[in-house]
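What follows is a single structure, written as structure tokens, with notes after it.
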Amino acid sequence: QVQLVESGGGTVQAGGSLSLSCAASGRTFSSYAMAWFRQGPGLEREFVGGISWRARSARYAASVKDRFTVSRDNAKNTVYLQMNSLKSEDTAVYFCAGYYDLGIAPVSSQTNDYEYWGQGTQVTVSS
């Protein structure tokens with residue numbers, strides 16, 4: 001089993017930046033595609049951005065493309081989400097998630113494809 005723990009959430013003003021981290025406990029981290037999802041109150045959980053286990057490909061939701069960046073450091077078993085130009089619509093609980101990656105297709109944007117999930121961290125954007 002792999003345990004994922006997010007950190008770095010908080011409150012930031014609109015237009016500001018925030019960085020999230022997700023630490024994995026297992027040594028198999030390098031074989032997993034990783035992604036960030038978010039869920040606002042009363043809303044469906046949605047894909048934000050993800051990265052393949054080799055960090056050779058990444059994809060983002062249209063709503064965050066060019067503002068958010070997903071990266072990873074396999075030696076540290078950690079994946080990151082750098083969020084810039086934050087908007088009030090970005091307010092949500094952010095989750096990191098992972099699944100074993102064969103390295104054939106780009107990282108999935110589908111919730112059901114992810115086997116491991118963190119507990120979530122709150123991001124609040126004020127204006």
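All values reported here derive from a predicted model rather than from experimental measurement.
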*Hydrophobic cluster identity match, Tyr114 and Leu4, side-chain contacts under 4.5 Å*: no

*Angle class for the Tyr94/Phe68 ring planes (parallel below 30°, perpendicular above 60°, tilted otherwise)?*
tilted

*Tell me, do Tyr80 and Asp73 make a side-chain contact under 4.5 Å, heavy atoms counted?*
yes

_Value rounded to 0.5 Å, distance of CZ in Arg45 from CZ in Arg38_ = 13.0 Å

*N/O donor-acceptor pair under 3.5 Å between Glu6 side chain and Gly120 backbone*: yes

*Is it true that a side-chain atom of Ser52 and a backbone atom of Val107 form a donor plus acceptor pair closer than 3.5 Å?*
no

*asked:* Checking Gln13 against Leu86 for the side chain to side chain contact (heavy atoms under 4.5 Å, CB included) test, could you report, in this order, the C-alpha distance in whole Å, the side-chain angles of both residues, the deciding distance, and whether it holds?
replied: CA-CA 8 Å; Gln13 289 188 335; Leu86 284 161; over 6 Å; no

*When hydrophobic residues are tied together by side-chain contacts of less than 4.5 Å, even through go-betweens, does Val64 share a cluster with Val12?*
yes

*asked:* Given 3.5 Å as the limit, does a donor-acceptor pair link the side chain of Asp101 with the main chain of Trp53, or not?
replied: yes

*Using the six-membered ring wherever Trp is involved, compare the ring planes of Trp117 and Phe37 and label them parallel, tilted or perpendicular (cut-offs 30° and 60°).*
tilted

*If you draw a 6.0 Å radius around CD in Gln3, do more than 12 non-hydrogen atoms from other residues or ligands fall strictly inside?*
no

*same_hphob_cluster(Val70, Val123) at 4.5 Å side-chain heavy-atom cutoff*: yes

